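These notes are about the structure you will find just below.
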Amino acid sequence: MTATFQPDADWLPYDPSPSKPAYTPPAGAVDAHCHVFGPGDVFPFAPERKYTPADAGKDELFALRDFLGFERNVIVQATCHGADNRALVDALLAAGGRARGVATIRPGVSRPELADLHAAGVRGIRFNFVRRLADPKPDGYYRGLADLVAEFGWHIVVYFEAPDLAERWGLFTSLPTDVVVDHMGRPDVTQPVDGPDFSLFQRFMRENGNAWCKVSGPERLSRSGPPEYADVVPFARLLVETFPDRVLWGTDWPHPNMKSHMPDDGALVDVIPRIARTGDLQRRLLVGNPMRLYWEA
Ligand code: 0GY
């Protein structure tokens, strides 16, 4: 039986015709943060989901990859699919080696299930602490899952709001794997880059050599808005220049839960040369770093 889903009434669908970016990414560039949604009648959304999106499948994602000048994707399991990774695995297998994945797993997952995910291209799992997306659990829950995937050489992606960093510091600084923070830890960009919250985030990056971050999500963080996202640029630039070997970049297509506007993916790509100002920094951000973490691990 197939299930059909009605997107949330205030759901903003992705822009089907983004502009061609002026910036040309280097050969082999990786979009290291994007998702697939369904299609819901093939891969149903999870009963426990906190939002219902419009479909955004692998074919559209791969077309966008080519249009923007990228070669590879890292597809992150979206919370609307819960721990049912079938849509993710389907996209990974269809990508012919040009995509890797970050899954969601729950306690009780078996080693053969993890091995199957690994064979499909999964190299990490994600812990989501954003309350509008998931119900955060005690630290022990995450430690148990981290131990399971450490033996596969996977890493942990964490998504949290800036104030959560202090609360979960003990967990985030003691995970047995690499730790990749989504969207720079969601700083309040009305604060200075050397304000208390972002200083704590920089300290986290500085003191933990296994910590990485995605300099992504300007459309989520900006108050000044598109297409420049000027207020986010200093935060991303600082991270790229301070930690050039532990930063990643992604579109975040199809941009779940955007309310203020739906970004033009071409404009997002044009932010890259403003946060990574040399060819060397751009190659590390878009090619060297994601290849090391996802293809050579
Ligand atoms: C993102 C951000 C969001 C959503 C998810 O998996 C998800 O549902 O990650 C968000 O709503 O902030 O990175 O895609």
Side-chain angles (χ1 to χ4, degrees), residues 7-15 18-19 21-23 31-35 50-51 53-54 56 68 76 78-79 128-134 136 157-168 180-205 212-243 247-277 281-282 285:
D8 293 340
D10 61 348
W11 189 261
L12 293 183
Y14 66 85
D15 177 350
S19 63
Y23 172 66
D31 173 355
H33 186 93
C34 50
H35 311 280
K50 305 246 184 187
Y51 63 88
L68 296 176
V76 178
T79 56
N128 203 318
F129 299 89
V130 176
R131 287 163 186 78
R132 67 185 160 75
L133 297 172
V157 175
V158 288
Y159 188 28
F160 58 83
E161 310 270 4
D164 299 328
L165 179 58
E167 193 187 318
R168 296 282 184 170
V180 181
V181 180
D182 280 340
H183 309 326
M184 305 187 281
R186 293 198 61 118
D188 174 351
V189 300
T190 65
Q191 301 294 312
V193 289
D194 57 358
D197 279 358
F198 205 60
S199 293
L200 186 67
F201 186 70
Q202 291 172 65
R203 186 182 143 207
F204 173 72
M205 289 292 296
W212 298 57
C213 68
K214 296 178 194 164
V215 288
S216 51
E219 73 284 8
R220 296 189 184 282
L221 304 173
S222 182
R223 300 287 174 83
S224 59
E228 305 272 313
Y229 303 111
D231 50 354
V232 181
V233 167
F235 290 79
R237 183 184 286 168
L238 188 148
L239 293 173
V240 167
E241 294 180 354
T242 312
F243 308 102
V247 283
L248 304 166
W249 183 90
T251 54
D252 200 8
W253 186 91
H255 309 290
N257 302 305
M258 284 299 296
K259 303 293 178 218
S260 56
H261 68 290
M262 179 48 58
D264 168 359
D265 293 285
L268 290 178
V269 171
D270 279 335
V271 175
I272 295 172
R274 294 170 40 231
I275 63 175
R277 291 183 288 179
L281 288 172
Q282 292 163 14
L285 176 66

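Computed from a predicted structure; not experimentally measured. Just so you know, these numbers use all the heavy atoms, side chains as well, and skip hydrogens, waters and symmetry mates.
Once rounded to the nearest 0.5 Å, the distance linking OH of Tyr159 with OG1 of Thr79 reads 9.5 Å. Taking CZ from Arg186 and CG from Asp188, the interatomic distance works out to 10.5 Å, rounded to the nearest 0.5 Å. We find the CG-CG distance between Leu268 and Leu68 to be 9.0 Å, quoted to the nearest 0.5 Å. A distance of 6.0 Å separates CD in Glu161 from CZ in Arg132, rounded to the nearest 0.5 Å. How far CZ of Phe201 is from CE of Met184: 8.5 Å, rounded to the nearest 0.5 Å. In this structure, the separation between CH2 on Trp249 and CD1 on Ile275 is 8.0 Å, given to the nearest 0.5 Å.
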With salt bridge (charged side-chain N to carboxylate O under 4.0 Å, His left out) as the criterion, how do Asp252 and Lys214 come out once you've worked through the C-alpha distance, each side chain's angles and the decisive distance to 0.1 Å?
CA-CA 10 Å; Asp252 200 8; Lys214 296 178 194 164; over 6 Å; no
Could you check Phe243 against Val215 for side chain to side chain contact (heavy atoms under 4.5 Å, CB included), going step by step and ending with a plain yes or no?
CA-CA 11 Å; Phe243 308 102; Val215 288; over 6 Å; no
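The side-chain heavy atoms of Asp197 and Pro187, taken from C-beta on, include no pair separated by under 4.5 Å. Met262 has its side chain out of reach of Pro13: every pair of non-hydrogen atoms, C-beta onward, lies at least 4.5 Å apart. Met205 has its side chain out of reach of Thr242: every pair of non-hydrogen atoms, C-beta onward, lies at least 4.5 Å apart. Counting heavy atoms from C-beta on, the side chains of His35 and Pro53 never come closer than 4.5 Å. The shortest side-chain heavy-atom distance between Asp164 and Arg131 falls under the 4.5 Å cut-off. By the 4.5 Å heavy-atom criterion applied to side chains, Phe160 and Asn128 are not counted as neighbours.
Of the residues Val181, Val240, Val180, Val158, the one that meets the side-chain contact (heavy atoms from CB on, under 4.5 Å) test with Cys213 is Val181.
No donor-acceptor pair under 3.5 Å is formed between the side chain of Asp264 and the backbone N or O of Pro18. One N or O on the side chain of Arg237 and one on the backbone of Arg274 form a donor-acceptor pair closer than 3.5 Å. With hydrogens and angles ignored, the 3.5 Å screen pairs no side-chain donor or acceptor of Glu241 with any backbone N or O of Arg277. Judged by distance alone, the side chain of Asp8 and the main-chain N or O of Tyr51 form no donor-acceptor pair under 3.5 Å.
Side-chain contact check for Thr251 and Asp31: at least one donor-acceptor pair (N or O, by modelled atom type) lies under 3.5 Å. In this model, a donor atom of one side chain and an acceptor atom of the other lie less than 3.5 Å apart for His255 and Asp265.
Leu285 and Ala276 get closest at one heavy-atom pair: CD2-CB, 4.0 Å. Across all their heavy atoms, Tyr23 and Ile272 have their closest contact at CE2-CG2, 3.7 Å. What you find for Asp15 and Pro263 is that their closest heavy atoms are CB-O, 3.9 Å. Nearest heavy-atom pair, Pro256 versus Arg220, reported as atom, atom and distance to 0.1 Å: O-NH2, 2.7 Å. When all heavy atoms are compared, the tightest approach of Thr190 to Arg223 is CG2-NH1, 3.5 Å. When all heavy atoms of Leu248 and Ala32 are compared, the pair lying nearest together is CB-CB, 4.2 Å.
Note: His183 and His33 have perpendicular aromatic rings, judged against thresholds of 30 and 60 degrees for the angle between ring planes.
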